[in-house]
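Right, one structure below, let's go through it.
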Amino acid sequence: MADTYDLVILGSGPGGYVAAIRASQLGLKVAIVERERLGGICLNWGCIPTKALLRTSEIYHYMQNAESYGLKADNVGFDLAKIVDRSRKVAGQLNAGVKGLMKKNKVTVVEGVGTVTAKGKLSVKQGDKTVELEAKNIIVATGARARDLPFAKADGKRIWTYRHAMVPTEMPTKLLVIGSGAIGVEFASFYNDMGADVTIVEMLPRILPVEDEEVSAFMDKALSKQGIKLLTQTGLEGLAPSANGVTAKIKAKDGKVSEETFSHAIIAIGIVPNTENIGLEALGVETDRGHIKTDGYGRTNVDGIWAIGDVTGAPWLAHKASHEGIIAVEKIAGGSPHQMDKANIPGCTYSRPQVASVGMTEAKAKEAGYELKVGKFPFIGNGKAIALGEAEGFVKTVFDAKTGELLGAHMVGAEVTELIQGYVVARQLETTEAELMETVFAHPTLSEMMHESVLAAYGRAIHY
Ligand SMILES: Cc1cc2nc3c(=O)[nH]c(=O)nc-3n(C[C@H](O)[C@H](O)[C@H](O)COP(=O)(O)OP(=O)(O)OC[C@H]3O[C@@H](n4cnc5c(N)ncnc54)[C@H](O)[C@@H]3O)c2cc1C
């Protein structure tokens, strides 16, 4: 006999486990199926362990620059095994936390590989055993995995995916990072700060290509100044590992192909959704380039089958997955949630310096036909930034000149990943320039730059 539930969720990443908790809060009988570790990629192999590593490289950077703060730190060094161990322990702590949350919320956790066998039916393989589950509704939250290069598979020795890059047993001496999205730039920043000689190759004309052009240009300068070699409009045509390294065939802007040997390479060229072999084809669930097609509530074209998170497409972010999970569950429970508004999802890159943004870039806003008022305020004009020794960066705001609507905000510099939420709230509340200008910002804080940027858009900046 199958165990029956109101809702079964396939996959326990930030999409799945958050949806399970909300479902339990709404009185649904809910089970979650997981083949690996509760918490999914985000807290086991993604967002969280990378931030633990980046915290180490940040502190290491400060230690090496202790003198500029009047401090002495001699014989600064590191123990790679301990760095990785700390990152794994942080991930382990959060994994245990999710286990606790499942228990507290009376969510049944079913370990094993799940497949949707029919509408309302799932089977879960647990070694030799198979468990059958039935549910009125099923949410697919199976996430995504790293995309391989067509001509070179990650071997974990010389060619790494993010998983290998997160648990190095040796420090790369000369590292090639393939792809300059958030994941590639974060690893480049970590390894560069830890002393590796880092090169990034990017096919597109600029790094962090989804960000505002001025942010990309600033990051290009900042990372180059730190010693990272950035090769844009550059293709990778081959990657041959050997016992001592990996030789890359690189096609430059001018079409010239050259070879260079690195100690290691990280492939960071995007992800592939986990939609195969989970029963979706047989049910006729529609996909688009592998991603499950959903409406603003997470409904697929098949009644009773929902999908959330990375498996449904960009942006591939944990908070997007969680928010989609909440919306889907509230709809399932008969509520009236707002549909997902992708224009209000912040995106962050936790490199040094950090990058954060929400809404339209200046170029996208122009393309959409808006007449714009654009404000920009540099970190050098902010007392707190100077006091912190972090005077590098800027805050840019883009307004609709006609209505004063904040169309987008783009930041680069220290702690901007914490600041961005102020603008996300502003956009959610449909705030205009007038309210932002009238808001009092605490002094001295980095957030004052958010005020100044708005003022700058209207020619009223005080400190620059
Ligand atoms: C290196 C790295 C850094 C990142 N940093 C950030 C960041 O800073 N901020 C951010 O927002 N995002 C970040 N991300 C992205 C983030 O991790 C994902 O967007 C997020 O995890 C997606 O959540 P999800 O619930 O959709 O899927 P996932 O977290 O991928 O979870 C899916 C789960 O489903 C399970 N599963 C799959 N198939 C089955 C099956 N058949 N049966 C049972 N279980 C199954 C998997 O084992 C997995 O645990 C990062 C990703 C990487 C790789």
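Atom set for the values below is all heavy atoms of this structure, side chains included, hydrogens, waters and symmetry mates excluded. Please read these numbers as outputs of a predicted model, since none were measured by experiment. Both ligands and their constituent atoms are indexed starting at 1 by order of listing.
When hydrogens are left out, the protein atom nearest atom 21 (O) of ligand 1 is Cys42 N, 3.2 Å; that is the closest non-hydrogen contact. From the protein, the heavy atom lying nearest to atom 46 (C) of ligand 1 is Glu34 OE2, 3.4 Å. At the top of the distance list for atom 41 (N) of ligand 1, counting protein heavy atoms only, stands Gly114 O, 3.0 Å. For atom 4 (C) of ligand 1, the closest non-hydrogen atom on the protein side is Cys47 N, 3.4 Å. Remark: minimum distance from atom 38 (N) of ligand 1 to any protein heavy atom is reached at Thr142 CG2, 3.4 Å.
At a heavy-atom distance under 4.0 Å, only backbone atoms of Ala144 (N, CA, C or O) approach ligand 1. No part of Asn277 comes within 4.0 Å of ligand 1, judged by heavy-atom distances. Contacts of Ala318 with ligand 1, taken as heavy-atom pairs under 4.0 Å, involve both backbone and side chain. When non-hydrogen atoms are compared, ligand 1 lies under 4.0 Å from the backbone of Leu317 as well as from its side chain. At a heavy-atom cutoff of 4.0 Å, ligand 1 is contacted by the side chain of Ile183 but not by its backbone. The proximity of Lys320 to ligand 1, defined as any non-hydrogen pair under 4.0 Å, does not occur for either the backbone or the side chain.
In this structure, Ile21 and Met102 have side chains that are in contact, with non-hydrogen atoms separated by less than 4.5 Å. A heavy-atom distance below 4.5 Å is not found between the side chains of Asn192 and Lys229. A heavy-atom distance below 4.5 Å is not found between the side chains of Met411 and Met449. Put simply, the side chain of Lys331 does not reach to within 4.5 Å of the side chain of Asp295, judged on heavy atoms. Contact annotation: the side chain of Leu446 approaches that of Leu388 to within less than 4.5 Å [non-hydrogen atoms, C-beta and beyond]. Counting heavy atoms from C-beta outward, His264 and Glu170 have side chains that approach closer than 4.5 Å. By the 4.5 Å heavy-atom criterion applied to side chains, Leu53 and Met166 are counted as neighbours.
Geometrically, ligand 1 and Ile41 share a nitrogen or oxygen pair separated by less than 3.5 Å.
Residue Val311 places every heavy atom at 4.0 Å or more from ligand 1. Residue contacts with ligand 1: Arg145 is excluded, as none of its non-hydrogen atoms falls under 4.0 Å. Contact annotation: Cys348 has no heavy atom less than 4.0 Å from any atom of ligand 1. Using a non-hydrogen distance threshold of 4.0 Å, Tyr17 does not register as a contact of ligand 1.
Close approach to Trp316 involves these atoms of ligand 1, each under 4.0 Å from a residue heavy atom: 15 (C), 19 (O).
Residue Gln428 places its CD atom among 12 or fewer non-hydrogen atoms of other residues, nucleotides or ligands, all under 6.0 Å distant.
Within the set Asp310, Ile9, Ile48, Ile32, the minimum heavy-atom distance to atom 26 (O) of ligand 1 is found for Asp310. Among Gly309, Gly39, Pro14, Gly46, the residue whose heavy atom lies nearest to atom 23 (O) of ligand 1 is Pro14.
For Asn95 (side chain) and Leu38 (main-chain N/O), a donor-acceptor pair under 3.5 Å exists by modelled atom type. Of the possible donor and acceptor atoms, one in the side chain of Thr397 sits under 3.5 Å from a partner among the backbone N and O of Ser453.
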